[in-house]
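Letters go in sequence order (proteins before strands), and every chain restarts at 1.
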There are 2 protein chains.
Amino acid sequence: MYYICSMNTENQNAQMRKGVIELCILAIIAQQDAYASDIIIKLKEARLIVVEGTLYPLLTRLKNDSLTVYRWEESKSGPPRKYHQITESGRKALAELKADWHELITSVDKIIGDTTNNSK
Amino acid sequence: MYYICSMNTENQNAQMRKGVIELCILAIIAQQDAYASDIIIKLKEARLIVVEGTLYPLLTRLKNDSLTVYRWEESKSGPPRKYHQITESGRKALAELKADWHELITSVDKIIGDTTNNSK
DNA sequence: TTTTAGTACCTTGTATTGCATAGTACTAAT
DNA sequence: ATTAGTACTATGCAATACAAGGTACTAAAA
């Protein structure tokens, strides 16, 4: 008898990443104008794996919310690239998201911090 | 023309909470056997608001995954209460979730930490 | 007795997110 | 002309948390 996964911890892990990905992408663009592959590489470097199917709709959402704008730049090694740039309201939203993120960390630590029988 | 919310930061905030709620609930139960209202109160104390409609299905899921068991206890002020208790595999899962959570913090901080024009 | 208030548990439908998958299009080399 | 590599886009799906409504038990009031 096999248990595929009595509790899908991996799945939970994926769920935890949801929501912060937008924050991360906005932060990456804020650092330097970037196109999709740039962003995916940087997320991978930080072990936050994201695939195209996740990234592109998200970039569209950021643009629709006027948090970013983009420009096309030609490439010598393929089709033109869409470089995304953060806007002023994008920076504001980023600051808010960062604040929310740190608040969340505080809240969660308040709960899991004082769990007894903690392996440390 | 009204913009209800050019970017739903509140909504994003909600999205960020996803996944960590299960971690928090498991942590609360690990600390001490608890029934639904106990859990909601403790989450509120930590500013993690959760409503019944979220909590009950989640408690059922934990039980179905054998991470918790429950017992009924009568109450003098209403219907009987379902006290949830963590199991051994529950503690293992909790440890994993905690590790995942700290990994996530590390990953996100790696990205948003070195954002230039940071207000702090 | 019937009604009301308070407590506690449970279910259904919905919006959003991120992912898997597949498709389109441009460039360069064979 | 075909193939490989790069880049952008669209569609369908699973999982989560929430809103809203419902059931049921106890105790007090009418």
Side-chain angles (χ1 to χ4, degrees), chain A residues 4-5 7-26 34-41 43-44 48-65 68 70-84 97 104 107, chain B residues 4-5 7-26 34-41 43-44 48-65 68 70-84 97 100 104 107-108:
Chain A
I4 301 203
C5 199
M7 174 192 196
N8 219 333
T9 306
E10 286 175 34
N11 185 22
Q12 275 302 312
N13 195 0
Q15 287 300 325
M16 286 200 282
R17 287 206 309 274
K18 284 190 182 186
V20 299
I21 291 184
E22 190 149 331
L23 162 62
C24 291
I25 290 172
L26 205 51
Y35 75 108
S37 299
D38 283 340
I39 297 172
I40 289 179
I41 288 171
L43 289 173
K44 265 191 190 157
L48 278 171
I49 298 156
V50 167
V51 295
E52 292 189 328
T54 300
L55 184 57
Y56 283 103
L58 214 151
L59 289 172
T60 303
R61 213 161 58 228
L62 292 177
K63 182 209 62 180
N64 288 342
D65 290 340
T68 58
Y70 66 79
R71 65 175 184 281
W72 289 99
E73 279 194 20
E74 306 216 344
S75 162
K76 290 175 184 168
S77 59
R81 296 167 176 175
K82 215 182 196 179
Y83 276 86
H84 301 266
L97 288 175
L104 179 65
S107 296
Chain B
I4 303 203
C5 198
M7 174 190 198
N8 219 331
T9 306
E10 287 176 33
N11 185 20
Q12 273 303 310
N13 196 359
Q15 287 300 323
M16 285 201 285
R17 287 209 309 275
K18 284 192 181 185
V20 300
I21 292 185
E22 191 149 330
L23 162 62
C24 291
I25 291 173
L26 205 52
Y35 74 108
S37 299
D38 284 340
I39 297 172
I40 289 179
I41 287 171
L43 288 173
K44 266 191 190 153
L48 277 171
I49 297 156
V50 168
V51 295
E52 292 189 328
T54 301
L55 185 56
Y56 283 102
L58 214 150
L59 288 172
T60 303
R61 211 159 61 228
L62 292 177
K63 182 210 62 181
N64 289 341
D65 290 339
T68 58
Y70 66 80
R71 64 176 186 280
W72 289 98
E73 277 194 21
E74 306 216 344
S75 162
K76 289 173 184 169
S77 60
R81 297 167 177 175
K82 213 182 196 178
Y83 275 86
H84 301 267
L97 288 175
D100 290 342
L104 179 64
S107 296
V108 173

Worksheet entry | Integer-rounded Å distance: D:dC18 C1' and B:L59 CG | 15 Å

Item to complete: Using atom CD of A:E73 as one end and atom C1' of C:dT27 as the other, report the distance to the nearest whole Å.
Response: 17 Å

Worksheet item: For B:R71 and C:dC9, what is the distance between atoms CZ and C1' respectively, to the nearest whole Å?
Response: 17 Å

Worksheet item: Closest approach of B:R17 and A:L104, non-hydrogen atoms and distance?
Response: CG-CD1, 3.9 Å

Worksheet item: Hey, does the side chain of B:R61 come within less than 4.0 Å of D:dA15's phosphate (OP1/OP2), counting only N and O?
Response: no

Worksheet item: Rounded to the nearest Å, what distance is computed from the CD atom of residue B:Q12 to the P atom of nucleotide D:dT16?
Response: 18 Å

Worksheet entry | Atom-to-atom span, CG of A:D38 to C1' of D:dT6 - whole angstrom | 13 Å

Worksheet entry | From B:R71 atom CZ to B:E73 atom CD, the distance as rounded to the nearest 0.5 Å | 4.5 Å

Item to complete: Nearest whole angstrom, please: distance from the P of D:dT16 to the CG of B:L62.
Response: 11 Å

Discussion item. Working to the nearest 0.5 angstrom, can you tell me the gap between A:L62 CG and A:L55 CG?
Written reply: 9.0 Å

Response to the item:
Shortest non-hydrogen pair, A:W72 vs A:P80, comes out as CZ3-O, 3.7 Å

Just the atom pairs and distances: protein N or O near nucleotides 7-9 of chain D's N or O, under 3.5 Å.
from	atom 1	to	atom 2	distance (Å)
D:dA7	OP1	A:Y35	OH	2.6
D:dA7	OP1	A:R81	NE	2.7
D:dA7	OP1	A:R81	NH2	2.6
D:dA7	OP2	A:S37	OG	3.3
D:dC8	OP1	A:K82	N	2.6
D:dC8	OP2	A:Y56	OH	2.6
D:dC8	N4	A:E52	OE1	3.1
D:dT9	OP1	A:K82	NZ	2.8
D:dT9	OP2	A:K82	NZ	3.0

Response to the item:
d(B:L23 CG, B:L97 CG) to nearest 0.5 Å is 5.5 Å

Practice prompt. Would you give the length of the straight line joining atom NZ of A:K63 to atom OG1 of A:T68, rounded to the nearest 0.5 angstrom?
Written response: 8.5 Å

Worksheet item: Over how many whole Å does the gap from A:I21 atom CD1 to C:dT16 atom P extend?
Response: 18 Å

Worksheet item: What does B:L55 touch in the nucleic acid at a heavy-atom separation under 4.0 angstrom: a base, only the sugar-phosphate, or nothing?
Response: nothing

Practice prompt. State the CD1-CD1 distance between B:I25 and B:I39, to the nearest 0.5 angstrom.
Written response: 6.0 Å

Worksheet, complete the sentence: Rounding to the nearest 10°, end axes of the helix from C:dT1-D:dA30 to C:dT30-D:dA1 built from five pairs each make an angle of 30°

Discussion item. Rounded at 0.5 Å granularity, tell me how far OH in B:Y35 sits from CD1 in B:I40.
Written reply: 10.0 Å

Worksheet item: Under 4.0 angstrom, heavy atoms only, what part of the nucleic acid is A:L58 near: base, sugar-phosphate, or nothing?
Response: sugar-phosphate

Worksheet item: Heavy atoms under 4.0 Å, any strand shown: does A:I49 hit a base, just sugar-phosphate, or nothing?
Response: sugar-phosphate

Worksheet entry | Closest-nucleotide ordering on DNA chain C, the 5'-leading residue of A:G19 and A:K76 | A:G19

Worksheet entry | Toward the 5' end of DNA chain C, by each residue's nearest nucleotide, A:P57 or A:E74 | A:P57

Discussion item. Any side-chain N or O of A:R17 below 4.0 angstrom from OP1/OP2 of C:dC19?
Written reply: yes

Discussion item. Between B:R81 and B:Y83, is there a side-chain heavy-atom distance shorter than 4.5 Å?
Written reply: yes

Fill in: Listed once per pair and sorted, the salt bridge (charged side-chain N to carboxylate O under 4.0 Å, His left out) pairs that draw on residues 52-61 of chain B, sequence neighbours left out
B:E22-B:R61

Worksheet item: Starting at CD of A:Q15 and ending at P of C:dT17, how long is that distance when rounded to a whole Å?
Response: 13 Å

